Amino acid sequence: MKKRTAILCAVAVSVTMMLGITGCGNQGNEELVSSVETSGESAGSSDGEITKLVFLRAGTEEAKKDYWTKVIEAFEADNPDIDIEYQECPYGNDFETKLNTGFASGTAPDVINFTMASMGTRVPLGQYASLDEYVENWEGKDDYLENALKLGTINDSLYGLAVFADPRVLIYNKEMFEEAGLDPENPPTNWDELLEAQEKLIKKDGDAVVQTGMGIPTSGSNMHQWFSIFMEQNGVKNLVDEDDNTVLINTPEAIEAAEFMQELKEMGVIQWDSTNSDQNPFSTGLAAMTFGSDQDFQTWNSGALNGKIAMASPLENTTQATFCGMSFLFMSGETEHKEEVWRFMEYVSTAEKMWERYEELGSAPLRESLKDKFIAEDPEKNQVIYESINCGSGSPKVSYANSVYNIVNEAMEKIMYGVDNPENALNTGAEKIQEEVDSL
Amino acid sequence: MKHRKVYHGIWVVLMTIASLVMLTPTIMMFVTSFKTMEEIKSPVFHLIPEKFSLVNYIDALASGNWLLYFRNSLIITVSAVIFSLLFNSIAGYAFARLRFRGSKILFSLLMIGLMMPAQVTMLPTFLIMAKFPLAGGNNILGQGGTGLINTFVGLIIPLVSGSYGIFLCKQFYENFPRALDEAAEIDGAGKWRTYFQIYLPNSKAILATLALTKGVAVWNDYLWPLVMTNSDEHKTVQLALTMFKTETTIQWNQMMAAAVLIVLPMIILFLLAQKYFVQGIVTSGLK
């Protein structure tokens, strides 16, 4: 019996050791956490040390993966003392989970490509490092689009270096404009003209709307974006004031914006869920106008709407404004290789790399020196994109931003479905947001 | 007799409706995999695609290294199932048949584990894997490297144990007549021999049930591979499905085509183990 037990123990120990060795034998895992290791083959570094960095990107699209892989390879060729491991993770909660696990376990990536919205939560936690000391003497600072730098800033400190701008632009169907007797070369520029166009473009079969003018959504997780576009066009800074946490969704101007959206809806819209832009009735020719991203424009323009659609400058009521999402490069607050991380960020942000990004992915360059060249490539479209980036503002960079979105989405759905009037719905929403602010 | 027929008829109708409700998502997945994006987005819904085409399957498979993703999922699932069957049945046998100090407390602790959501234990488990001694550049104290992160071993180890499996096996073995143990003892068999030569060969039903539930759970697991893997080399099929999703859009037709291919192994596994599955559920006292 004792002998048998001893044999079993020996087997158990062997299995454990085997598992351990298997783990050791995996080359990939050694690269997860940045480290410095000695290599005799290093050509570029005088002391032969190679710094390993981990770059984590939000999103899993093949085109962007190919782009980043190529940039990393080029960077490594120019900087033989730095080795970067590329990692990616799907957008949204998955990415948050991945980052949270990394930071909680001390295995966070060194460079993070993520959205502006993440700044509100992660900057106060020290998970993103300030870039001020690096940017101070950086030649690119003065050339960067002012708004792109502003959107990456919290409390006068720069944390994110913008790489991809994603402004919402007014996209309209020229063919439908012509059919409705509107001038396809003169899209609406303000709310009054939008209402006028909406009236002419709506087609009904009895009570059912079969074609609408402005394809605004009536529900979904992006209602806050649509509301913030109209709200900011009416002179409101953002959903909440990042500087002093003042709730702005129930200001008279914001209520007026919600009433305007309600008016558009009551004139006749085709209901859709803003969570998924695929549902946008504009894409199927059932709406003549909508707000969409440059990517949406490209997708729609390559399908059945090819050649029929165009972009227009952001609307204004009192202020020309739109929503502008922005993807940034962040330096991890936990990285031990800040200098190396900055070298990579600087490399990615050069005018040359920005232009390459435009050529490969169609993303707008964010440097003033590239403005004319960019607009000259496609004057009609690129001028609009440039204007939209410059006047766009993004998600409020506050730690309770997600609650704000949920509360505003709920309020907007109530307004759009006539459950509550704009004033009541937004006042109720503002109270809920205020509770979040008070609990900080 | 007449009443029985009426009740039977009502029962059949209710079951048919329930089956249809449960099958609807699967049917939708299957038909969507043959549609074009234009048809999916069209305001007019057709259950049957206007034109059947395999192009979604071809495009989906061309968009990534699916052979590798299937291989990875297969390695993880098969390993997790084999090891969990072994460990769970041994532990179940011990709790059912061996008398040892603290067995009741240990079993109660296991039951607490049964009620714990996976999300709660994910971070501690991740830390244990990251600090695994002598692995991934770690020293004996588990420092300096990345432990078992981004390895198959790290993905599999936390999956091989499970309160549910132990509980199921314990219930199953408690139904075995004690005379079997006594006969084995008279013949000079020890506890290990009794387990391996008497209990294990008679455990087909419970092992099939466990293999099926564990297999499906591991194959479909998304969260654990998401936090544990960092590269294509270890990506599972569930993670690969996110390739069809961008920040604002989803390529539903290709995603559904890939999803159809992903569920196929599980359907085959279920068909093979169906007979034992029902038997196992009944004999372990779970209903």
Side-chain angles (χ1 to χ4, degrees), chain A residues 1 4-5 8 17-26 28-33 35 54 56 58-62 85-92 94 97-98 100-102 104-107 109 115 166 222 270 275-281 283-284 286 292-293 295-296 299 303-304 325 327, chain B residues 37-38 40-43 63-64 83 119 122-124 126-138 143-154 156-157 190-193 222-223 226-235 239-252:
Chain A
M1 180 66 191
R4 234 176 269 143
T5 312
L8 278 166
M17 281 179 69
M18 199 175 71
L19 293 176
I21 290 163
T22 316
C24 290
N26 191 299
N29 61 24
E30 290 178 15
E31 293 170 9
L32 183 82
V33 174
S35 61
V54 173
L56 178 65
T60 51
E61 306 97 316
E62 282 290 302
E85 185 193 340
Y86 170 84
Q87 294 178 10
E88 63 183 19
C89 179
Y91 290 105
D94 293 344
T97 306
K98 185 94 175 170
N100 290 343
T101 318
S105 60
T107 58
T115 58
D166 188 22
N222 279 325
I270 289 168
T275 311
N276 194 343
S277 66
D278 284 342
Q279 289 186 13
N280 193 326
S283 66
T284 45
L286 297 175
S293 65
Q295 183 61 47
D296 290 331
T299 308
S327 165
Chain B
M37 273 307 282
E38 284 70 31
I40 292 168
K41 285 193 286 181
S42 163
S63 61
F83 283 111
Q119 288 83 351
M122 192 182 71
L123 187 59
F126 181 83
L127 280 169
I128 292 168
M129 293 299 114
K131 306 295 176 194
F132 204 90
L134 302 175
N138 277 351
Q143 292 165 336
T146 56
L148 295 176
I149 295 172
N150 207 29
T151 66
F152 284 122
V153 180
I156 294 163
I157 286 181
K191 298 296 178 194
W192 283 106
R193 200 164 167 195
Y222 178 76
L223 199 59
L226 176 81
V227 297
M228 276 295 286
T229 60
N230 301 311
S231 59
D232 245 22
E233 283 69 41
H234 298 94
K235 194 183 258 183
L239 289 181
L241 273 182
T242 60
M243 278 192 304
F244 307 110
K245 185 183 163 200
T246 70
E247 198 170 2
T248 52
T249 60
I250 298 173
Q251 203 64 35
W252 287 110

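Here the structure is a predicted model, which means the values were calculated and not measured. So you know, we letter chains A, B, ... as the sequences are listed, proteins then strands, and number each from 1.
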Using the test side-chain contact (heavy atoms from CB on, under 4.5 Å), find all partners of A:D94 that sit at least two apart in sequence or belong to another chain. A:C89, A:P90, B:Y222, B:L226

Non-neighbouring partners of A:T101 that pass side-chain contact (heavy atoms from CB on, under 4.5 Å), sequence neighbours left out: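 Listed in chain order: A:T97, B:M122, B:L123, B:F126, B:V227.
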
Under 4.5 Å from any heavy atom of chain B, what part of [X] do you find: side chain, backbone, both or neither?
| X | answer |
| --- | --- |
| A:S283 | side chain |
| A:T299 | neither |
| A:I270 | neither |

Between B:L239 and chain A, with a heavy-atom cut-off of 4.5 Å, which part of the residue counts as in contact: side chain, backbone, both or neither?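 For B:L239, neither part sits under 4.5 Å from chain A.
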
Would you indicate whether the side-chain heavy atoms of A:S327 and A:D166 approach each other to under 4.5 Å?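 In short, these two side chains do not touch, never coming nearer than 4.5 Å.
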
To the nearest 0.5 Å, what is the distance between CE (B:M129) and CG (B:N138)? 11.5 Å

